[in-house]
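Since the structure comes first, as structure tokens, the remarks are kept for the end.
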Amino acid sequence: IVHYDQLGIYRLLEELRHKPEMNAFMKDTIQPLIDYDRKNKTELVRTIRQFYAQGGNLGKAAQELFVHYNTVLYRLKRVEEILGISLGNSQQRLSLGVAVKALELK
């Protein structure tokens, strides 16, 4: 059991979940990746979720995904290419991280 005041960012995301601004944010941020995965039967969204879940630790993400470290590297490069972002850019990394968290509420 988790109390509402312990939800952290999920409190904010829950409040915004059905707002048009959140839909626009998701469309701009992560929807191209979702569409790419669906069309190409890839696991880029799953990979980026693990990347964030493991605090950016590629080795741990690879272990959780049961893939080689280089596979995670390759997939993250594809994420950057598809979304036109750099995970080295803190603002872009934060935006994508928020979008990944918001996906958990859907």
Side-chain angles (χ1 to χ4, degrees):
I1 297 174
V2 177
H3 294 279
Y4 184 74
D5 60 347
Q6 296 173 322
L7 291 175
I9 193 168
Y10 292 106
R11 286 173 44 189
L12 177 62
L13 294 175
E14 179 60 32
E15 292 295 322
L16 296 173
R17 181 163 52 155
H18 300 294
K19 304 268 185 194
E21 293 84 1
M22 180 58 87
N23 290 332
F25 173 75
M26 295 297 284
K27 183 179 177 188
D28 294 343
T29 316
I30 200 165
Q31 191 62 49
L33 205 57
I34 294 167
D35 295 342
Y36 184 90
D37 272 354
R38 190 175 298 131
K39 180 180 177 186
N40 297 287
K41 297 181 179 17
T42 55
E43 294 189 333
L44 299 179
V45 172
R46 184 170 173 244
T47 301
I48 200 69
R49 278 182 168 162
Q50 273 305 316
F51 172 75
Y52 284 103
Q54 301 306 322
N57 185 313
L58 301 180
K60 287 183 180 180
Q63 285 179 328
E64 291 297 316
L65 293 166
F66 302 103
V67 298
H68 192 274
Y69 179 91
N70 289 339
T71 301
V72 174
L73 275 177
Y74 170 78
R75 289 178 182 178
L76 292 178
K77 286 292 180 196
R78 289 295 298 141
V79 166
E80 289 178 321
E81 291 168 3
I82 292 164
L83 298 179
I85 65 166
S86 168
L87 291 172
N89 178 302
S90 63
Q91 289 291 94
Q92 293 173 341
R93 189 173 58 248
L94 175 61
S95 291
L96 184 56
V98 170
V100 167
K101 292 289 185 195
L103 272 180
E104 294 174 16
L105 297 175
K106 288 191 168 204

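Annotation for Gln50 and Glu64: closest pair OE1-CB, 3.2 Å, computed over non-hydrogen atoms. The minimum heavy-atom distance between Leu33 and Ile48, with the atom names listed, is CD2-CG2, 4.2 Å. Annotation for Thr29 and Ser95: closest pair CG2-O, 3.6 Å, computed over non-hydrogen atoms. What you find for Pro32 and Leu83 is that their closest heavy atoms are CB-CD2, 3.9 Å.
The stretch residues 65-87 participates, sequence neighbours left out, in these salt bridge (Lys or Arg N to Asp or Glu O under 4.0 Å) pairs: Lys77-Glu80, Arg78-Glu81. The salt bridge (Lys or Arg N to Asp or Glu O under 4.0 Å) contacts involving residues 87-100 comprise nothing, where partners must be two or more places apart or lie in separate chains. For residues 54-63, the set of pairs meeting the salt bridge (Lys or Arg N to Asp or Glu O under 4.0 Å) definition, not counting sequence neighbours, is empty. Contacts classified as salt bridge (Lys or Arg N to Asp or Glu O under 4.0 Å) and involving residues 23-37 (residues at least two apart or in different chains) are given here: Asp35-Arg38.
Taken to the nearest 0.5 Å, the NE2 atom of His68 stands 9.5 Å off from the CG atom of Leu73. The CG atom of Asn57 sits 8.0 Å away from the CD atom of Gln63 when rounded to the nearest 0.5 Å. Remark: Leu65 CG to Phe51 CZ distance equals 12.0 Å, nearest 0.5 Å. The structure places CG of Leu44 at 11.5 Å from CD1 of Ile34, a figure rounded to the nearest 0.5 Å.
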- prompt: Does the pair Thr47 and Thr71 meet the rule for a side-chain contact (heavy atoms from CB on, under 4.5 Å), with working shown?
  reply: CA-CA 10 Å; Thr47 301; Thr71 301; over 6 Å; no
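The same ILVMFWY cluster, assembled from side-chain heavy atoms under 4.5 Å apart, contains both Ile85 and Leu94. Leu58 and Tyr74 sit in two unconnected hydrophobic clusters of ILVMFWY residues. Membership requires side-chain heavy atoms under 4.5 Å apart, directly or through other members.
Here Lys41 pairs with nothing under the side chain to side chain contact (heavy atoms under 4.5 Å, CB included) rule; sequence neighbours left out. Residues forming a side-chain hydrogen bond (donor to acceptor under 3.5 Å, both in side chains) with Glu43 (at least two apart in sequence, or on another chain): Arg46.
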